[in-house]
Amino acid sequence: MTVRWAARWRDQARRAGAWRLVHEICLVVLVTIVAVVAAAVAGWYPWAPWLVGLSTPILIALRLTYPLVAYLTAALVGLGTGGQNSLLLVLLSASLSYRVARWWQVTAALAVAWACYVASIVWEEPLSVEMAVVLSAMFALLAVLPAGVARLVRRRRTLLAAMHQRNVQLHSQQGEVARQAQTRERARIARDLHDSLGHKLTLISLYAGMVRTADEDRRSEAADLVRQTSSAAMTELRQILGILGEGDGQSSVRPLSGLDELAEQARASGAQVEVVREGEPRPLAALTEHAAYRVIQEGLTNALRHAHGGAVVLLLRFEPDALVAGVTNTAGQRIVRSTSGQGLLGLTERVRIANGVLYHGPTPDGGFRLAATLPCSGDEHATSTAEHRPPEHRPPPATEAQADFAALMDRDRRRSRLVLAATTLSIAGFLALCLAGVWLMMAFVVVDRNTYDAIHIGQPEDEVRALLPDADAAVTGVTGGRPVPDATCVDYPASILDQVGPDPGAGRDIYRFCFRDGILIDKQEIHERRP
């Protein structure tokens, strides 16, 4: 146990700075000197100052690693040396409340220390109710109040540490979100490049084949198509790359009205392309319209690559609650031998982001069909709300860490209120005890020693009565004292402070004043012993 404690204290001393070590050394020296001097002045017994001098430095150092053990040990040492030093009690109470996490342990330790603090008076005199009240008030001031303040400081520093840690985590998460957003943006740009430039390059390849096989008159027309398609490809490339400089993620949305242009470009290469529109057109969300356009563009590009010469049907059908966009082609000649297959994967992700479903597969006649079913609404604003946004544009949901932080904040507020209430009650209790003590003194202090000494035999009765309390405060049935014949005597209890002596529990002091013929003829101090 000793080795473990020494190792923990050595680790803390290594982590602490030079100023902290100087502070701890000065604190140990100061508190030890004060405690030893107080023990020596009290003079309970010869070994008391030595015991206090040896235990105080150990307890102060022990409070850094085992505050609960240090506090209880200090209470027992104080019980055995006639009372714990006030400065050491304040220091250990604050350290206990600050370093011990469980509040019930702090409460139990304070209760034990209070019992030892009150019981330590037996070294000087028997314990009375009045003295217990006074000592309890002193303990509330020297122990409970510093413990409550230290608890509030602990709660505040714990909250600040949690907030700092949470800020660090949020900063790290923000960097990770930024990196993920960059990755998603690169993937989106790559899909747009694949969809748009892939279609244009396929047309250019077909037009170039026409240049090689056509006659002289047709070559000029095919060359013009190549130039036009290349220019359109460069224009789309500039539009897509322009996204990098803009904050709007939908700046490259292609309207479905451009399907006729796609069909005309494909027909110029010799393909048989038909555009079929069904249903009543209506406004669409930008994300839905863009996804439908890319589905038809990708399907047309694949048909020109893998089924050149076959018939191609571009379908755009508006249903009550959905939009169907698809491309169906018959069998034809494959002019591209191999592809990466990434186009359909990217298109599937694009349709999924738009809350749609993508289908692709062969047809019974040997052709191929690519179709997407996308949700649509007649209200353009309703369909462009947050639930239809892609994940990178949606507000981030509350994470588990944020929920934990909110719970921590709520728990900290509750505990801070409890600690504040306990501290307030302690202060209120201390003030109540002080007021009760004042009331007790006022209730029982009838005649004090100074008043008794100021009254002299031979004074007129009126002057003496003016210095004494009302006759209702007088006591009756007092035994003892010397008899005074033919005199009127009045007995008053002495003050509490006058009655505190080596054996206050043995009886009470009474001041007696005897008058005859309007003159004070006698005064007595009677010690009435209790049965």
Residues Tyr117, Val112; criterion side-chain contact (heavy atoms from CB on, under 4.5 Å); working and verdict: CA-CA 9 Å; Tyr117 188 82; Val112 173; over 6 Å; no

Verdict with reasoning, Arg156 to Leu152, per side-chain contact (heavy atoms from CB on, under 4.5 Å): CA-CA 6 Å; Arg156 180 178 179 275; Leu152 290 177; over 6 Å; no

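Across every non-hydrogen atom of Phe139 and Leu110, the tightest pair is CZ-O, 3.4 Å. The two residues Leu374 and Ala354 make their nearest non-hydrogen contact at CD2-CB, 4.1 Å. Nearest heavy-atom pair across Ser86 and Leu142 is OG-CD1, 3.5 Å. The two residues Ala119 and Leu79 have their closest heavy-atom pair at CB-CD1, 3.8 Å. Taking both residues in full, the closest heavy atoms of Ser136 and Trp114 are given as OG-NE1, 3.0 Å, listed atom of the first, atom of the second, then distance. Of all heavy-atom pairs between Tyr98 and Ala150, the closest is CD1-O, 3.8 Å.
In this structure a side-chain-to-backbone donor-acceptor pair under 3.5 Å is missing from Thr32 to Val29. Counting only distance, with no hydrogens or angles, the side chain of Ser97 and the backbone of Ser93 share no donor-acceptor pair below 3.5 Å. Remark: side-chain polar atoms of Gln459 are paired, donor with acceptor, to backbone N or O of His456 under 3.5 angstrom.
Atom CG of Asn355 and atom OG1 of Thr373 lie 13.0 Å apart (nearest 0.5 Å). Here Leu27 contributes atom CG and Arg63 contributes atom CZ; the two are 5.5 Å apart, rounded to the nearest 0.5 Å. Separating the CG atom in Leu72 from the CG atom in Leu76 is a distance of 7.0 Å, to the nearest 0.5 Å. Rounded to the nearest 0.5 Å, atoms OG1 (Thr65) and CZ (Arg99) are 9.0 Å apart. The distance from atom CD of Glu461 to atom CZ of Phe513, rounded to the nearest 0.5 Å, is 12.5 Å. Here the CG-CD1 distance, from Leu87 to Ile33, works out to 11.5 Å after rounding to the nearest 0.5 Å.
Residues passing the side chain to side chain donor-acceptor pair (under 3.5 Å) test with Arg512, sequence neighbours excluded: Asp491.
Using a 4.5 Å heavy-atom cutoff, the side chains of Arg352 and Thr348 are not in contact. Put simply, the side chain of Thr451 does not reach to within 4.5 Å of the side chain of Tyr511, judged on heavy atoms. Looking at Gln105 and Leu96, their side chains never come closer than 4.5 Å, going by heavy atoms from C-beta outward. The side-chain heavy atoms of Glu463 and Leu467, taken from C-beta on, include no pair separated by under 4.5 Å.
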What side-chain donor-acceptor pairs closer than 3.5 Å can you find for residues 514-523, not counting sequence neighbours?
unit_1 : atom_1 : unit_2 : atom_2 : d
Arg516 : NE     : Asp486 : O      : 3.2
Arg516 : NH2    : Pro485 : O      : 2.6
Asp522 : OD1    : Arg482 : NH2    : 2.7
Asp522 : OD2    : Arg482 : NE     : 3.4
Asp522 : OD2    : Gln524 : NE2    : 2.8
Lys523 : NZ     : Tyr452 : O      : 2.8
Lys523 : NZ     : Ile455 : O      : 2.6

Distance-only donor-acceptor pairs under 3.5 Å for side chains of residues 53-62, two or more places apart:
unit_1 : atom_1 : unit_2 : atom_2 : d
Ser55  : OG     : Leu51  : O      : 2.8
Ser55  : OG     : Val52  : O      : 3.4
Thr56  : OG1    : Val52  : O      : 2.7

